[in-house]
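Since the structure comes first, as structure tokens, the remarks are kept for the end.
Remember, it's a predicted structure, so these values are computed and weren't measured experimentally. Lettering follows sequence order; numbering is per chain, from 1.
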Number of protein chains: 2
Amino acid sequence: MVLQRIILGMLAIAPMSGYDLKRHFDSTVNYFWSADKAQVYRTLAALVTEGLVEVRKVPGTAGPDRQEHHLTAAGRARLHDWLVSDLDRQPERNAFLARVFFAGELDSEELTALLERQREAARTTLATLKAVRKSTPEPTDRAERLRLATLDNGLRHARAELAWLDALEKELA
Amino acid sequence: MVLQRIILGMLAIAPMSGYDLKRHFDSTVNYFWSADKAQVYRTLAALVTEGLVEVRKVPGTAGPDRQEHHLTAAGRARLHDWLVSDLDRQPERNAFLARVFFAGELDSEELTALLERQREAARTTLATLKAVRKSTPEPTDRAERLRLATLDNGLRHARAELAWLDALEKELA
DNA sequence: CACCACTAGTAGACAAGTCACCTAGATGCA
DNA sequence: TGCATCTAGGTGACTTGTCTACTAGTGGTG
């Protein structure tokens, strides 16, 4: 599945421990993928038994020993296969839109509150992404430009969401 | 979880069989939620044991008997609770952005092909949503306006995706 | 009349993801 | 010295979601 490929991708950028990976899932790639700790470690184990990843024990700098995971040639090939394969069409899942779809059950104040909470969420996303982009150094190669581009994608969708909320509230007024 | 609430919401609009629900998941609400047949039937069963939904056997018009599921008062209350509760913050999951993030592994042609496939997908979504909106009659009350608004949300995001692709391709050129 | 498509519902196995809990080393601080 | 916190790596139980296959009634077509 996708999580496996993402882990291969992260290890292609740099060797990492499960702990490192988890931190990346909670920060850098968080706006397009997240993963539970347990799942990360189990997926890593599966990748090792598949021979796509190799482990090297290294002494911990501040704490216990780390199990540094390195991508093997087979792992890099598998990553490439995924990148050029047909798009994984994942089912659209938007719980907020589901609420709006059934929001006829709500009175005006409740509806306004619902939309307002979504506006807040979108504003927060927008602010977070803007902050991340500002703190990111100018990209020097294509790989970095592409990673930055995923941020811009998030920004555009956040703005689209806010614009939609504006239009909807105007329409309902 | 969310699927339960969505089913409650659909039954609030009209009583339905599991089969009807599945068809709705494959058509009307498909652009923001989907569900497996097995999951629909099992969730319905759980809702019945919870007393949120009642079953009435009705003779099938064209085929076997149907089990028409009706929302109970408790079910409607549960639906309302969900609609006014804090937003279910679901983890962002975008497999395509994940690919772009790691697309430094690709050569120029492969990258172009990846972006082109996404453009195709976005264009298809846009066309589908436009078609649905055209075939939908003008909303007469607020509930209908809200259901239509979820379509507009999809349209805006599809357009945002296309605009982002344009900008990215220009930047990479 | 055999077959197919559509309607309607069910069961089992499995994959993916979440939650709670656990061990253990290193560091800092009260 | 005790305790909290961060680093590091797990395990087990559970929920959610997917895939495959099955029964069975109805209606149409070759």
Side-chain angles (χ1 to χ4, degrees), chain A residues 1-8 10-11 15-27 29-30 32-50 53 55-69 82 88-95 98, chain B residues 1-8 10-11 15-27 29-30 32-50 53 55-69 82 88-95 98:
Chain A
M1 29 44 155
V2 179
L3 180 64
Q4 274 200 10
R5 317 304 144 135
I6 294 181
I7 289 181
L8 291 177
M10 305 229 266
L11 297 181
M16 282 185 219
S17 67
Y19 191 80
D20 295 333
L21 282 167
K22 175 55 181 158
R23 276 192 315 186
H24 273 88
F25 276 110
D26 290 342
S27 55
V29 306
N30 184 259
F32 65 77
W33 210 269
S34 64
D36 187 80
K37 198 159 89 82
Q39 214 192 338
V40 168
Y41 280 108
R42 275 192 272 251
T43 304
L44 266 179
L47 289 171
V48 170
T49 55
E50 266 198 277
V53 159
V55 189
R56 290 179 216 164
K57 278 210 178 83
V58 296
T61 49
D65 290 355
R66 303 155 38 74
Q67 289 185 253
E68 218 177 57
H69 290 72
W82 174 59
D88 356 45
R89 40 156 185 44
Q90 26 173 195
E92 296 286 344
R93 288 248 155 93
N94 188 326
Chain B
M1 31 36 157
V2 179
L3 180 64
Q4 275 199 11
R5 316 303 142 138
I6 294 181
I7 289 180
L8 291 178
M10 304 228 270
L11 297 181
M16 281 183 219
S17 67
Y19 190 82
D20 294 333
L21 282 166
K22 175 56 181 157
R23 276 192 314 187
H24 273 89
F25 276 110
D26 291 342
S27 55
V29 305
N30 184 257
F32 65 76
W33 210 271
S34 64
D36 187 81
K37 197 159 89 86
Q39 213 192 338
V40 168
Y41 280 106
R42 276 193 275 251
T43 304
L44 267 179
L47 289 171
V48 169
T49 55
E50 266 197 277
V53 158
V55 190
R56 290 181 215 161
K57 280 208 178 85
V58 296
T61 48
D65 289 355
R66 304 156 39 75
Q67 289 185 252
E68 217 178 56
H69 289 72
W82 173 60
D88 357 45
R89 38 157 186 40
Q90 28 175 195
E92 295 284 343
R93 290 246 155 94
N94 188 325

Practice item. Dump the intermediate steps for side-chain contact (heavy atoms from CB on, under 4.5 Å) on B/R56 and B/Q67, then the final yes or no. Key: CA-CA 6 Å; B/R56 290 181 215 161; B/Q67 289 185 252; over 6 Å; no

Listing, residues 41-48 of chain B side-chain donor-acceptor contacts under 3.5 Å, not counting sequence neighbours, or none:
unit_1 : atom_1 : unit_2 : atom_2 : d
B/Y41  : OH     : B/Y19  : N      : 3.3
B/T43  : OG1    : B/Q39  : O      : 2.7

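- In this structure, A/D88 contributes its side chain and A/Q90 its backbone to no donor-acceptor pair below 3.5 Å.
- Taking 4.0 Å as the cutoff to heavy atoms of chain B, we find the contact window on DNA chain D bounded by D/dT16 to D/dT26.
- Checked against ring pair (Phe, Tyr, Trp, His ring centres under 6.0 Å), A/F25 has no partners two or more places apart in sequence or in another chain.
- Between A/R23 and A/D20, at least one side-chain nitrogen of the basic residue sits less than 4.0 Å from a carboxylate oxygen of the acidic one, meeting the salt-bridge criterion.
- A search for side-chain contact (heavy atoms from CB on, under 4.5 Å) contacts involving B/E68 returns B/P15, B/V58, B/R66, B/H70, not counting sequence neighbours.
- For A/P64, there are no side-chain contact (heavy atoms from CB on, under 4.5 Å) partners, not counting sequence neighbours.
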Study note, to complete from the structure: Heavy-atom contacts, protein to nucleotides 9-21 of chain C, under 4.0 Å, summarised as B (base), S (sugar-phosphate only) or - (none) per nt, yield BBBBB--SSBB--

